[in-house]
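Residue numbering restarts at 1 for every chain, and letters A, B, ... go by the order of the sequence lines. Treat the numbers as computed from the prediction; the structure is a model and nothing was measured.
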2 protein chains.
Amino acid sequence: MSDADTDADAVERAVEGCPAGGNDEGRDGHPATDLFTLLGRAHAVPILAHLVHGGSGAWRFSELESALDVAPNTLTTRLQEFAEAGLVERRSYDEIPPRVEYQATDRARDLDPVFRALHDWMDDHGEPALGVVVGDESASDD
Amino acid sequence: MSDADTDADAVERAVEGCPAGGNDEGRDGHPATDLFTLLGRAHAVPILAHLVHGGSGAWRFSELESALDVAPNTLTTRLQEFAEAGLVERRSYDEIPPRVEYQATDRARDLDPVFRALHDWMDDHGEPALGVVVGDESASDD
DNA sequence: CAGAATCCCTTCAGATACTG
DNA sequence: CAGTATCTGAAGGGATTCTG
């Protein structure tokens, strides 16, 4: 090991913590793992992407439900998890019919570099083993 | 809010695909989700970090097992998944006692920008809701 | 030593039905 | 409209045991 603290350093810091130490936050206690676990759940990324993509911000429950084709309970769970993680802000208006709007927070938008890096990684490696290609790397996006 | 196609663009591209369209690779069919799902599994990030951190590369099964405190079957599963995803290279030497070495591939090392961005995000937002802080943002790492 | 196989348990996620 | 409740099925993950 001679160059084991340059590129892997960020990973090291991002993964710091003690496994099975007594915490019960996510599944291991690692911050990175927590985030991955959260985003790794069903429809998590599509939902978040949909919310983030909406610059206007306001998204109704049924809008997300029909647009993303997600079961209502699952959508509720994801939304709650996101709200709990501070990625989504929930605003309920006390009127009839009831209206609840979900909006991606600044925290969620700031995740963009991560997705950008991820996109760059996928674009660079093609990701053949995972089955799906990124989409259109032929288009001059960035 | 009228900047709905700048920062969220990468997320859009990273999430492209059709939900429940007919694919059955990971769980949704989104490349990003696949990666998150893979890394979101138990001990996935610690294992990968341990492998990436070892610049020399060669890690024995029992080394990982004892160092990470992971059940053998789980470790085997993660290692297989990583190998299948091209993140880890498995080399088995036909000798007695049998020796198998696992090494992080270039593809895995190139994930560093993602982790770096993630670390930066955590460092920026503190990640209070997810329970665990990044580690030492007091130290001048980057 | 490395890991495959087995059993058991927990969690997740979808469908459905019902309420404010 | 926006959920909550309940149920069922399916993976995930751990411990243990056994084999090459």
Q. Contact class for Ser62(A) (heavy atom, under 4.0 Å): base, sugar-phosphate, or nothing?
A. sugar-phosphate

(Q) Using whole Å, what does the distance between atom P of nucleotide dA2(D) and atom CD of Glu101(A) come to? (A) 9 Å

(Q) I'd like to know if the side chain of Thr76(B) and the backbone of Pro72(B) have a donor-acceptor N/O pair within less than 3.5 Å. (A) yes

(Q) I need the CG-C1' distance between Leu39(A) and dC12(C), as an integer number of Å. (A) 16 Å

Q | Reported NE2-to-CG distance for the pair His43(A) and Leu75(A), which is rounded to 0.5 angstrom | A | 9.5 Å

**Q.** Nearest-angstrom distance from the residue atom CG of Leu79(A) to P of dT4(D)
**A.** 10 Å

Q) Quick one: is Arg60(A) getting a side-chain N or O under 4.0 Å of the dC1(D) phosphate, OP1 or OP2? A) no

Q: Report yes if some heavy atom in the side chain of Val52(A) is under 4.5 Å from a heavy atom in the side chain of Phe115(A); otherwise report no.
A: no

Q. Between CZ of Phe82(A) and CG of Leu51(A), what distance do you get to the nearest 0.5 Å?
A. 7.5 Å

(Q) Is there a side-chain contact between Arg41(B) and the phosphate of dG12(D), meaning an N or O under 4.0 Å from OP1 or OP2? (A) yes

Q: Measure from CD on Glu95(B) to C1' on dG20(D) and round the result to the nearest Å.
A: 15 Å

Q. Is Arg99(B) near enough to dA2(C) that one of its side-chain N or O atoms lies under 4.0 angstrom from OP1 or OP2?
A. no

Q. Between the two end axes of the helix from dC1(C)-dG20(D) to dG20(C)-dC1(D), each built from 5 base pairs, what angle do you get to the nearest 10°?
A. 40°

What are the atom names and distances for every N/O pair under 3.5 Å that joins the protein to nucleotides 15-20 of chain C?
from: dA15(C); atom 1: N7; to: Asn73(A); atom 2: ND2; distance (Å): 3.3
from: dA15(C); atom 1: N6; to: Asn73(A); atom 2: ND2; distance (Å): 2.2

(Q) What is the distance, to the nearest angstrom, from the CG atom on Asp94(B) to the P atom on dA2(C)? (A) 14 Å

Q | Check: Asn73(A) main-chain N/O paired with Thr77(A) side-chain donor or acceptor under 3.5 Å | A | yes

Q: Examine distances only and state if a side-chain atom of Thr105(B) and a backbone atom of Glu89(B) form a donor-acceptor pair shorter than 3.5 Å.
A: no

Q. Is Arg60(B) paired with Glu101(B) through a side-chain N to carboxylate O contact shorter than 4.0 Å?
A. no

Q) Is there a side-chain contact between Phe36(B) and Leu35(A), using heavy atoms and a 4.5 Å cut-off? A) no

Q) Does Arg90(A) place a side-chain N or O at less than 4.0 Å from the phosphate oxygens OP1/OP2 of dG3(D)? A) yes

Q.
Are Leu111(A) and Leu48(A) packed together at the side-chain level, in the sense that at least one heavy-atom pair is separated by less than 4.5 angstrom?
A. yes

**Q.** Distance, rounded to the nearest Å, where Glu63(B) contributes CD and dA2(C) contributes C1'
**A.** 13 Å

Q.
What is the distance, to the nearest angstrom, from the CZ atom on Arg78(B) to the C1' atom on dG14(D)?
A. 12 Å

Q) Between Gln80(B) and dG3(C), is there a side-chain N or O to OP1/OP2 distance below 4.0 Å? A) no

Q: Please tell me which of Thr74(B) and Tyr102(A) maps to the more 5' nucleotide of DNA chain D, matching each residue to the nucleotide holding its nearest heavy atom.
A: Tyr102(A)

Q) To the nearest angstrom, how far is His43(B) atom NE2 from dA15(D) atom C1'? A) 13 Å

**Q.** Any side-chain heavy-atom pair of Leu38(A) and Glu81(A) under 4.5 Å
**A.** yes

